[in-house]
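Along the sequence shown, the residues carry numbers beginning at 1. Since we're looking at a predicted model, the values are computed, not measured.
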Amino acid sequence: SGKATNDLTGCTRGASGTTAAAHSSGAVVTQVTTSGSSAWSGWGVAASSGGVGQQLRLWSQSNFGEDLVFAPRGGGMYYWDATTTVASRGILAADLPGADANTPTLVNFIYVSDTSRFVFAFGCVDYGGTELDPMLIRWSDQESLTVWYPAATNQAGSLRLSRGSQIVTALQSRQEILVFTDSSLYSLQYLGADPWWGSQILGDNISIIGENAAAIASGVTYWMGADKFYIYDGTVKTLKCDLRQFIYGDINLNQNEQVFAG
């Protein structure tokens, strides 16, 4: 509320659910306002120059029955229980009662398989690790959010894809989960026996422009690549597009993560 020489007075820390924290001498301190034209209200506020070139905060989400599993790209995996109503927040899956120590703490993309109900972490930390592996796939025990370490008594497991540098996204098709890396398309299928899930490459030397740039219609998958459109109907093919030159000749590829297909 005031300033005397280099001393600030009337400061409030830990307000509105934030964590009270000290700052070092000489650090830049910014006043956050809650009203008026300069309010830091989130959506719609002018972007800070410090955010240029950073990863857009993309969230993946998937229903687990009536509940929800969701995660920001490169962040923790959360679980929201529908019986608690919207007044309650989701909690980290690693903090759920009974969660084993190998519950992924960092993930790039999550998905719950439709009929078999396995929770998948695409691009995640390995068992006992702390670093995110962008090509690693891990899945929980069937019908479980808390059992992630493989054992003879469960169906948890993992595999690592080899084509590409990162897993971008995944989609549930009729009898398979389609997994897109930045250069290949894989099919992930339930085997019914250990190792439970297996991968098969469907297409190589392809691209996908962003996490939300693929969609399925009538069993056919369509997606936007970095320089053309694709289709998968049992075979990966280039999709004929009369507007291809118009689109790719006038697009800011630095904003690729905003592309959405529906």
Side-chain angles (χ1 to χ4, degrees), residues 58-84 89-181 184-202 211:
L58 295 173
W59 291 75
S60 54
Q61 58 185 356
S62 193
N63 282 96
F64 189 78
E66 65 175 2
D67 303 331
L68 190 68
V69 185
F70 57 103
R73 193 169 189 86
M77 180 171 59
Y78 293 84
Y79 167 72
W80 177 73
D81 185 347
T83 62
T84 62
R89 295 181 177 220
I91 61 174
L92 283 169
D95 293 339
L96 289 171
D100 68 39
N102 287 278
T103 303
T105 53
L106 296 174
V107 300
N108 274 342
F109 191 85
I110 59 97
Y111 206 90
V112 179
S113 58
D114 56 358
T115 56
S116 50
R117 292 234 295 184
F118 287 83
V119 182
F120 284 88
F122 297 97
C124 59
V125 294
D126 207 346
Y127 306 109
T130 58
E131 297 294 326
L132 189 148
D133 183 340
M135 293 293 284
L136 179 66
I137 302 174
R138 289 179 54 193
W139 57 88
S140 67
D141 188 18
Q142 190 172 23
E143 299 278 355
S144 175
L145 280 163
T146 57
V147 178
W148 288 85
Y149 193 76
T153 55
N154 66 48
Q155 298 185 42
S158 68
L159 61 86
R160 192 179 190 279
L161 302 182
S162 59
R163 305 286 184 90
S165 61
Q166 66 169 324
I167 296 171
V168 178
T169 192
L171 281 177
Q172 176 74 62
S173 187
R174 287 178 177 173
Q175 297 180 353
E176 59 191 350
I177 296 176
L178 300 176
V179 183
F180 296 82
T181 74
S184 302
L185 176 62
Y186 281 86
S187 168
L188 201 61
Q189 294 184 321
Y190 182 58
L191 304 176
D194 195 12
W196 308 112
W197 289 85
S199 65
Q200 177 183 359
I201 191 163
L202 301 174
E211 181 177 304

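A distance of 11.0 Å separates CD in Q200 from CG in L188, rounded to the nearest 0.5 Å. Note: L106 CG to D133 CG = 12.0 Å, rounded to the nearest 0.5 Å. Note that the CZ atom of F109 and the CD atom of Q61 stand 9.5 Å from one another [nearest 0.5 Å]. The line from OG1 of T83 to CG of D67 is 6.5 Å long, rounded to the nearest 0.5 Å. We find the CG-CH2 distance between N63 and W80 to be 9.5 Å, quoted to the nearest 0.5 Å. Atom CG of residue L132 and atom OG1 of residue T105 lie 8.5 Å apart, to the nearest 0.5 angstrom.
Ring centroids of W197 and F120 are separated by less than 6.0 Å, placing the two rings close together.
In this structure, the side chain of T181 engages the main chain of S184 through a donor-acceptor pair within 3.5 Å. Judged by distance alone, the side chain of R138 and the main-chain N or O of N102 form a donor-acceptor pair under 3.5 Å. When atom types are taken as modelled, the side chain of Q172 and the backbone of D114 share a donor-acceptor pair closer than 3.5 angstrom. S116 contributes no side-chain N or O that, together with a main-chain N or O of S113, makes up a donor-acceptor pair within less than 3.5 Å. N108 places a side-chain N or O within 3.5 Å of a backbone atom of G74 that can act as its donor or acceptor partner. One N or O on the side chain of D100 and one on the backbone of W148 form a donor-acceptor pair closer than 3.5 Å. In this structure, the side chain of S60 engages the main chain of I110 through a donor-acceptor pair within 3.5 Å. When atom types are taken as modelled, the side chain of N154 and the backbone of A151 share a donor-acceptor pair closer than 3.5 angstrom.
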Practice task
Kindly determine whether I137 and F122 satisfy side-chain contact (heavy atoms from CB on, under 4.5 Å), including the steps that lead there.
Solution key: CA-CA 5 Å; I137 302 174; F122 297 97; 3.7 Å; yes
Exercise for the section: Under the side-chain contact (heavy atoms from CB on, under 4.5 Å) rule, what do R160 and D126 come out as? Steps first, then yes or no, please. Expected result: CA-CA 10 Å; R160 192 179 190 279; D126 207 346; over 6 Å; no
Exercise for the section: Show your working on side-chain contact (heavy atoms from CB on, under 4.5 Å) between S199 and L161 and close with a plain yes or no. Expected result: CA-CA 8 Å; S199 65; L161 302 182; 4.0 Å; yes
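Scanning all heavy atoms of the two residues, the minimum distance from P104 to A121 falls at CG-CB, 4.1 Å. Contact between I177 and A170 at its shortest, heavy atoms only, is CG2-CB, 4.2 Å. Across A94 and A99, no two heavy atoms sit closer than the pair O-CB, 3.7 Å. Between E211 and T169 the shortest heavy-atom distance is O-OG1, 2.9 Å. Taking all atoms of both residues into account, the shortest heavy-atom contact from V112 to S62 is N-OG, 3.0 Å.
No side-chain heavy atom of S140 sits under 4.5 Å from any side-chain heavy atom of V147. Looking only at side-chain heavy atoms (C-beta outward), T146 and L96 come within less than 4.5 Å of each other. Residues R163 and Y186 have side chains in contact (heavy-atom distance under 4.5 Å, counting atoms from C-beta outward). Under the 4.5 Å side-chain criterion, counting only non-hydrogen atoms from C-beta, P195 is not in contact with L159. Between M135 and I167, some side-chain heavy-atom pair lies under the 4.5 Å cut-off. Considering only heavy atoms from C-beta on, L202 comes within 4.5 Å of L178 through its side chain.
The 12-atom threshold is exceeded at OH of Y127, counting heavy atoms of other residues, nucleotides or ligands nearer than 6.0 Å. E66 CD: more than 12 foreign heavy atoms inside a 6.0 Å radius.
Geometrically, R117 engages F64 in a cation-pi contact, judged by NZ or CZ lying under 6.0 Å from the ring centre and within 45° of the ring axis.
Here the options are W196, W139, Y190, the test is side-chain hydrogen bond (donor to acceptor under 3.5 Å, both in side chains), and the partner is Q155; only Y190 passes.
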